Asker: 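Sending over a structure as structure tokens; questions will come in a sec.
So you know, we letter chains A, B, ... as the sequences are listed, proteins then strands, and number each from 1. Remember, it's a predicted structure, so these values are computed and weren't measured experimentally.
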Amino acid sequence: MPRIELPGDRHVELPEGEPIGSILPPEAVAARFDGELVDLSFVPSGDGKAEPVELSESDGLHVLRHSAARVMAQAVCDLFPLARYAIGPPVEDGFYYDFDLPEALTPEDLPRIEARMAEIVAANQPFVREELSRAEALERFADQPYKREIIESLDETEGALGERVSVYRNGAWSDLCLGPHVPSTGRVGEAFKLLKVAGAYWRGDERRPMLQRIYGTAWASRADLESYLTRLEEAERRDHRRLGQQLDLFSSPEELGPGLWVWHPRGGVFRKQLEDYVRELHLARGYDLVVTPHIARSVLWETSGHLAKYADNMYPPMRSESGDYYVKPMNCPFHVLVYKSRTRSYRDLPMRLAELGTIYRHERIGTLHGLLRIRGGTQDDSHIVCTPEQLVDEIRSVFDLTLEILGTFGFADPVINLSTLPGQSIVDEEMAARATQALRSALDASGLAYTDAEGEGAFYGPKVDFHFRDAIGRLWQLTTVQVDFALPERFQMEYVGEDNRRHRPVMIHRAILGTLERFSAVLIEHYGGAFPLWLAPEQVWLAPVADRHLEHARGLAERFRAAGLRVYVDDSGETVGKKVRAAQLMRAPYTLVIGDREVESGALTVRDRSGAETKGVPVERFIEALVAEASSRSLEQTRW
RNA sequence: GCCGGUGUAGCUCAGUUGGCAGAGCAGCGGUUUCGUAAACCGCAGGUCGUCGGUUCGAGUCCGACCACCGGCUCCA
């Protein structure tokens, strides 16, 4: 009789052949046996440690969603008998399943599938785990080519089953699946919803067939489902494309071309604040600002290796009598030319060349997405040229600057990845190892936690990425730091050392915000369009009650402008209610209603974004407070 | 690039089985001069994404193209 250890240091004897679920609480949807996720029907062959897996933990939700995916596939097969089903894993917040169907699914099919799922759930069919030999499994899935391909491609080392594969059967339907699953379809419950249909390549490979993917979500309770759907709505309200339109910040007219954007006056003001801040801070941290053109001869891109490794993402060349010119997809070769414009001494190093450099990349049309994925954008780019000895300290100073800049916007606690070199690189292994080691040392020395991501680096070197969480918990990749031994080599970069001999420097590529376009999109979503005062297009919005108050309002506006504040006077002749509404819709930080009271008293009535109103604020105090709030780049509104 | 969806006024969207292109908001003009998220009246605004086809007749049906939206990493 296996002796099972339960949480709380309890031990029970499990009768031979009894499933582990029989000694776990009824809330359990699965179990963990010696750390492995298993079904409740799992029968231990020996002693071990068992824990219940419940819906209150992520493993429990994972199992629930996996099972929900199965139920969905079953429903689809019921409704579309010709369906061939491929894979259906749980994903963050939900699940999907990929199908090969003769007809195209439409969003209208989703309610039908959901209804069928509900029937399957109501039927409460047990999920029965079976272990079959490969031959049996191939037989079982004779008319399911995707399942057969998976079975055939399974390598014996995969899973603990060796030559056997596991199949879960419920009712007349079965699926090849590792499991575990909830004990029966009834446990999937009613807190699920199908969200969208999309295309997806079989095994993510664009040379393989395009399947139809249905995304769904499933939760422990109705309330959890509702709050998830509310979260989705909140994300939609914050969508930078929608806010960009509503707030009149930018647009991408069709005549311009996909992935290209024009910034309107309100967006332009915001962007200037960003740019000024970035430039100012870089100067203060020992960077030098440089300016470089948008195009260069092909020889530059040959030397840099871009034509060999990056040509797919570059616009085709412009031909002229002096040769072919390419629009730049990166700034690095230009900064190398700045470096090489004269003989450099070790005394010049580190040289930190920075530029808000505009680049153009011919991204595939289907991957473009608002300002987040664009074809033309401006990076806060810098290339630090230093000696190998300076490398780790320089990387650390980039990390410091990253935390400082992003902290200003309210981003903290980055999730950091160290990406090692991809196969297709222009760097030899020894260089790559040194570069990776430098990044690792800098991360360790800075006390930053990180995880390794293999093969994700740029073609010229390994990199460290910083991801930051926004106000509603989504992660955005912003900062990239790359160490590069290759370009200095390719461009024969040198410096004269203390020993009066020539040495090869190392180069760090880094962008902290990424592109300003992308970063702006992230900021807009992070703030929901309600920018902190220093970034707001209008800082003070004046709403005169009647036309006779316009003159007083204009006088105030002049005083505010003289103090360096950005002001808008609503002289529309609409009602105050309408003016206040307009100000709120445009996310004005401070709205001043100017009427008889204000004209007489000379004081201000201040309305902030929350709608809270303070009467009798002296003009001088208001100006002082706003100037302080803006110049400190505060994320909080002033309390009066 | 591929799969699916969507393109009607500046914006958000109606538009029956093919039969004279609509509303609200925004804009402009007038009236109102008002105290905190939408005053009233009027005017103007369109090659219905583009090109081609079917038809007596196309926003509507067919084809091609363009653009946008959702996806194409999560591996039985």
Asker: Map A:Thr106 and A:Arg581 onto RNA chain B by nearest heavy atom, then report which one ends up closer to the 5' terminus.
Answerer: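 On the 5' side of the pair lies A:Thr106.
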Asker: Enumerate the protein-to-nucleotides 62-73 of chain B contacts in which both atoms are nitrogen or oxygen and the separation is below 3.5 Å.
Answerer:
unit_1, atom_1, unit_2, atom_2, d
B:rC66, O2', A:Glu254, OE2, 3.4
B:rC69, OP1, A:Arg241, NH1, 3.0
B:rC69, O3', A:Arg241, NH1, 3.4
B:rG70, OP1, A:Arg241, NH1, 3.4
B:rG70, OP1, A:Arg241, NH2, 2.8
B:rG70, OP2, A:Arg241, NH1, 3.3
B:rG70, OP2, A:His369, ND1, 3.3
B:rG70, O3', A:Lys196, NZ, 3.4
B:rG70, N2, A:Gly199, N, 3.4
B:rG71, OP1, A:Lys196, NZ, 2.8
B:rG71, O3', A:Tyr215, OH, 3.0
B:rG71, O2', A:Gly199, O, 3.1
B:rG71, O6, A:Gly366, O, 3.4
B:rG71, N3, A:Gly199, O, 3.3
B:rC72, OP1, A:Tyr215, OH, 3.2
B:rC72, O4', A:Gly199, O, 3.3
B:rC72, O2', A:Tyr201, N, 3.1
B:rC72, N4, A:Gly366, O, 3.4
B:rU73, OP2, A:Gly204, O, 2.9

Asker: Take atom P in B:rC74 and the same atom in B:rC13, then report the distance between them in whole Å.
Answerer: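 33 Å, rounded to whole Å.
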Asker: Using a strict cut-off of less than 4.0 Å between a Lys/Arg side-chain nitrogen and an Asp/Glu carboxylate oxygen, indicate whether A:Glu234 and A:Arg237 qualify as a salt bridge.
Answerer: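 Salt bridge between A:Glu234 and A:Arg237, a charged N being under 4.0 Å from a carboxylate O: yes.
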Asker: Where does RNA chain B form stems of at least three consecutive Watson-Crick or G-U wobble pairs, each pair having both distances below 3.5 Å?
Answerer: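 Stems found: B:1-7 with B:66-72, B:10-13 with B:22-25, B:27-31 with B:39-43, B:49-53 with B:61-65.
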Asker: State which of B:rC34, B:rC75, B:rA37 makes the closest approach to the side chain of A:Arg548.
Answerer: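 Per side-chain heavy atoms of A:Arg548, the pick is B:rC34.
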Asker: Between protein and nucleotides 23-27 of chain B, what N or O pairs are separated by less than 3.5 Å?
Answerer:
unit_1, atom_1, unit_2, atom_2, d
B:rA26, OP1, A:Lys578, NZ, 2.8

Asker: Can you confirm whether A:Thr638 sits close enough to A:Leu533 that some side-chain heavy atom of one is under 4.5 Å from a side-chain heavy atom of the other?
Answerer: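 A:Thr638 vs A:Leu533: side chains apart.
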Asker: Looking at A:Tyr96, I'd like to know if the NZ or CZ of A:Arg213 sits under 6.0 Å from its six-membered ring centre while staying within 45 degrees of the ring's axis.
Answerer: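 Yes - A:Arg213 lies over the ring of A:Tyr96, closer than 6.0 Å to its centre and within 45° of its axis.
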Asker: Start with the C-alpha gap between A:Leu260 and A:Tyr360, add the side-chain angles, then the distance that decides, and say whether side-chain contact (heavy atoms from CB on, under 4.5 Å) holds.
Answerer: CA-CA 9 Å; A:Leu260 303 172; A:Tyr360 294 88; 4.2 Å; yes
Asker: Using the P atom as the reference point in each nucleotide, state the distance between B:rC75 and B:rC66 in Å, no decimals.
Answerer: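 Their P atoms lie roughly 35 Å apart.
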Asker: Considering only atom P, compute the distance from B:rA39 to B:rG10 and round it to an integer number of Å.
Answerer: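 25 Å, rounded to whole Å.
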Asker: Hey, is the side chain of A:Thr575 poking within less than 4.0 Å of OP1 or OP2 on B:rC34, counting only N and O atoms?
Answerer: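 For B:rC34, OP1/OP2 do not have a side-chain N/O of A:Thr575 under 4.0 Å.
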